[in-house]
Amino acid sequence: MLGLSNVETFAQGEILQVKWTDSTTARFHAIWLRDHSPDPDTLSPGNGQRLVRIQDLPAEVRIDGVKVVGDAHIELTFLPEGKTVTFDASWLLANRYDRTCIDTTGWTRPDIVRWGEELQSELPVASYARAREDSGELCRWLSDIDRYGVAKMTEMPRESGAICRVVDLFGYVRETNYGRFFEVRTEVDPVNLAYTGLGLQVHTDNPYRDPVPTLQLLSCLENSVEGGDSIVVDSFKAVEILKEESPEAFAVLAGQPANYTYAGSNGVYLRSKRPMIELGPDGELLAVRFNNRSLGPLTDIPFDQMPAFYEAYRKLADIMERPELAVTFKLRPGELFIVDNTRVTHGRIAYEGTGSRWLQGAYADLDSLRSTLAVLQRQELGEKESA
Ligand code: NM2
Ligand code: OGA
Ligand code: ZN
């Protein structure tokens with residue numbers, strides 16, 4: 001653990017500067033520190049939730065007096081309250097925001113790996129049987145999904161609905177109008193083109209929902225037909241290429257709202273208005289919505305911008321279909337794949353003829369996947385440290 005080398009205040013106590021022994025230096029504002037005071041009147045000791053409103057904290061808060069306690073704690077007194085609180089120096093280090101060398105692109109999280117066809121031979125995979133028994137194996141699988149946005153699972157129980165047991169490993173099924181889980185096979189009078197033998201261009205599912213399900217799973221019970229191979233493409237990679245090759249096209253898709261709709265079955269009329277490329281306030285790439293079947297009438301794009309939008313959409317679609325971006329595989333009975341549905345698009349080639357194809361699908365969400373992952377990682381770290 002890093003020790004403290006110097007702690008002082010500036011600007012009449014409005015700023016605290018902390019220097020650690022590796023010469024990492026970070027400034028903190030008094031209001032930020034006061035807001036995060038780890039005392040039982042500010043943060044509930046049981047659950048860490050804040051007990052006060054922002055207006056309960058003095059706007060003119062200043063730090064009056066700093067004391068280093070041992071090598072790992074800093075004691076601060078806040079005025080005008082005269083409140084003394086002890087901060088953990090390693091907590092401050094982990095949560096510092098005064099970083100000059102902050103990644104200014106800030107485009108995707110640094111641990112996200114954008115991939116193309118090279119992932120074909122290294123598609124992350126885990127066995128259901130092992131992941132259920134071994135939390136290290138589960139942790140690795142979830143971490144791969146977090147980083148690559150896609151993974152396979154093998155050795156699933158060969159029974160209808162087993163897909164929900166995979167979701168149980170990390171989170172909760174997101175039930176929708178399609179059911180808790182749904183059958184993906186050729187049907188008479190299909191309510192969705194997924195329930196036919198047609199090929200499906202790579203897409204993210206349910207862009208017409210807001211919020212969209214952030215994880216999609218597809219499991220295989222039978223697949224003896226000709227065709228029906230699965231395709232996955234990292235849309236974050238595709239968008240990166242679009243941004244490089246045509247910044248204007250990127251700007252249009254990120255800057256104009258698209259409309260998505262689904263009204264294929266009785267009693268359902270889903271609509272959303274969201275950009276095809278969604279960026280955060282700092283320019284971070286947050287999500288892609290790409291689905292040729294479900295793009296609704298675009299009604300909220302200015303008349304003059306419409307041709308540019310369609311041109312940009314075509315460009316992105318062309319990139320999405322570049323062979324060097326595609327990873328393909330044919331699901332076998334007992335196998336499943338999962339995608340981050342805000343990022344990795346999936347599709348299939350057409351199938352027909354003799355044999356049968358029976359997949360099941362389900363939705364879930366990334367928040368609980370990442371939560372489970374974080375808990376398992378902390379557990380692993382603890383085990384390593386105590387070993
Ligand atoms: N199904 C498989 O988002 C979509 O409409 C793709 C979804 C019907 C649940 C298909
Ligand atoms: C879907 C889908 C692909 C397939 O159900 O959403 O994209 O392989 N299916 O059937
Ligand atoms: Zn789909």
Side-chain angles (χ1 to χ4, degrees), residues 123 149-150 152-153 161 163-164 167 173-235 258-272 274 276 287-296 320-321 326-353 355-365:
L123 197 65
V150 61
K152 269 170 98 170
M153 183 159 263
I163 192 166
C164 296
V167 176
V173 170
R174 165 100 80 102
E175 192 166 346
T176 69
N177 56 289
Y178 298 114
R180 214 175 124 65
F181 67 92
F182 42 85
E183 311 294 346
V184 180
R185 53 186 171 192
T186 300
E187 285 178 357
V188 185
D189 296 329
V191 299
N192 193 296
L193 292 174
Y195 304 156
T196 68
L198 294 173
L200 302 174
Q201 184 181 37
V202 289
H203 59 278
T204 58
D205 262 35
N206 292 205
Y208 39 75
R209 230 178 270 292
D210 195 352
V212 300
T214 48
L215 288 170
Q216 193 211 16
L217 299 91
L218 277 174
S219 69
C220 177
L221 290 145
E222 293 168 16
N223 202 3
S224 57
V225 290
E226 186 86 35
D229 303 40
S230 307
I231 311 156
V232 286
V233 170
D234 183 0
S235 78
N259 303 90
Y260 298 92
T261 63
Y262 172 82
S265 47
N266 284 337
V268 184
Y269 186 19
L270 290 158
R271 283 170 293 175
S272 76
R274 288 274 167 170
M276 223 175 256
V288 170
R289 291 175 186 76
F290 187 80
N291 189 318
N292 68 303
R293 286 163 286 148
S294 305
L295 191 64
M320 290 277 202
E321 289 190 12
V327 168
T328 59
F329 50 86
K330 187 160 182 168
L331 279 184
R332 303 286 164 204
E335 292 185 345
L336 159 151
F337 77 90
I338 179 169
V339 285
D340 170 348
N341 190 49
T342 64
R343 168 184 172 194
V344 173
T345 58
H346 64 282
R348 70 161 180 241
I349 62 168
Y351 67 91
E352 60 174 357
S356 58
R357 187 181 195 268
W358 178 21
L359 306 190
Q360 289 184 331
Y363 299 116
D365 283 297

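Counting starts at 1 for both ligands and their atoms, in listed order. Just so it is clear, the model here is predicted, and its values are computed rather than measured.
For Y363 and F181, the ring centers sit 6.0 Å or farther from each other.
Taking the Zn ion (ligand 3) as reference, H203 places its N/O/S atom NE2 nearest. The nearest N/O/S atom of D205 to the Zn ion (ligand 3) is OD1.
For ligand 2, the atoms sitting less than 4.0 Å from at least one non-hydrogen atom of R348 are 4 (C), 8 (O), 10 (O), numbered in the order shown with element in parentheses. Contact atoms of ligand 1 toward A194: 2 (C), 10 (C) (distance under 4.0 Å to a heavy atom of the residue). If you number the atoms of ligand 2 from 1 as listed, the ones under 4.0 Å from a heavy atom of L359 come out as 4 (C), 8 (O), 10 (O). Which parts of ligand 2 touch H203 is read off a 4.0 Å heavy-atom cut-off, strictly below it: atoms 6 (O), 7 (O). In the vicinity of V184, heavy-atom distances shorter than 4.0 Å reach the ligand 2 atoms 5 (O), 10 (O). The distance from ligand 2 to the heavy atoms of Q216 drops below 4.0 Å at these ligand atoms: 1 (C), 6 (O). Residue D205 approaches ligand 2 through these ligand atoms, each under 4.0 Å from one of its heavy atoms: 6 (O). For ligand 1 and D205, the ligand atoms under 4.0 Å from any heavy atom of the residue are 3 (O), 6 (C), 7 (C), 10 (C).
Counting only heavy atoms of the protein, atom 2 (C) of ligand 1 lies nearest to F182 CE1, 3.5 Å. The closest protein non-hydrogen atom to atom 3 (O) of ligand 1 is N206 N, 2.6 Å. When hydrogens are left out, the protein atom nearest atom 3 (C) of ligand 2 is L218 CD1, 3.8 Å; that is the closest non-hydrogen contact.
Between T186 and the choices Y195, Y351, W358, the side chain to side chain donor-acceptor pair (under 3.5 Å) rule is met once, by Y351.
For S230, no nitrogen or oxygen atom sits less than 3.5 Å from a nitrogen or oxygen atom of ligand 2, counting backbone and side chain alike. Inclusion of R293 in the set of residues having an N or O under 3.5 Å from an N or O of ligand 1 is not warranted. Remark: ligand 2 and R293 share no N or O pair separated by less than 3.5 Å (distance only, no angle test).
Using a 4.0 Å cut-off between heavy atoms, R357 contacts ligand 2 through its side chain alone, with no backbone atom that close. Contact annotation: for Y363 versus ligand 1, heavy atoms closer than 4.0 Å belong to the side chain alone. Contacts with ligand 2 closer than 4.0 Å are made by no heavy atom of L331, backbone or side chain. Under 4.0 Å from ligand 1, the heavy atoms of N192 that appear belong solely to its side chain.
Taking each of Y262, Y208, Y195, F181 in turn, the one with a heavy atom nearest to atom 5 (O) of ligand 1 proves to be Y208.
The closest side-chain heavy-atom distance from Q216 to T204 is not below 4.5 Å. Contact check for Q360 versus L221: side-chain heavy atoms found under the 4.5 Å cut-off. At least one side-chain heavy atom of R209 sits less than 4.5 Å from a side-chain heavy atom of T176. At least one side-chain heavy atom of C164 sits less than 4.5 Å from a side-chain heavy atom of R180. With a 4.5 Å cut-off on side-chain heavy atoms, T214 and D365 count as touching. Side-chain contact between Q201 and E321: present, with at least one pair of heavy atoms (C-beta onward) separated by less than 4.5 Å. With a 4.5 Å cut-off on side-chain heavy atoms, I231 and V327 do not count as touching.
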Practice task
Run the numbers on Y262 and V191 for side-chain contact (heavy atoms from CB on, under 4.5 Å), then give the verdict.
Solution key: CA-CA 10 Å; Y262 172 82; V191 299; 3.6 Å; yes
Exercise for the section: Determine, stepwise, if the pair D229 / R348 fulfils salt bridge (charged side-chain N to carboxylate O under 4.0 Å, His left out). Expected result: CA-CA 5 Å; D229 303 40; R348 70 161 180 241; over 6 Å; no
Exercise for the section: Could you go through the salt bridge (charged side-chain N to carboxylate O under 4.0 Å, His left out) check for E335 and K152 one step at a time? Expected result: CA-CA 7 Å; E335 292 185 345; K152 269 170 98 170; 3.7 Å; yes
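Between F329 and F337, the ring planes are perpendicular. Angles over 60° get that label, and only those under 30° would be called parallel.
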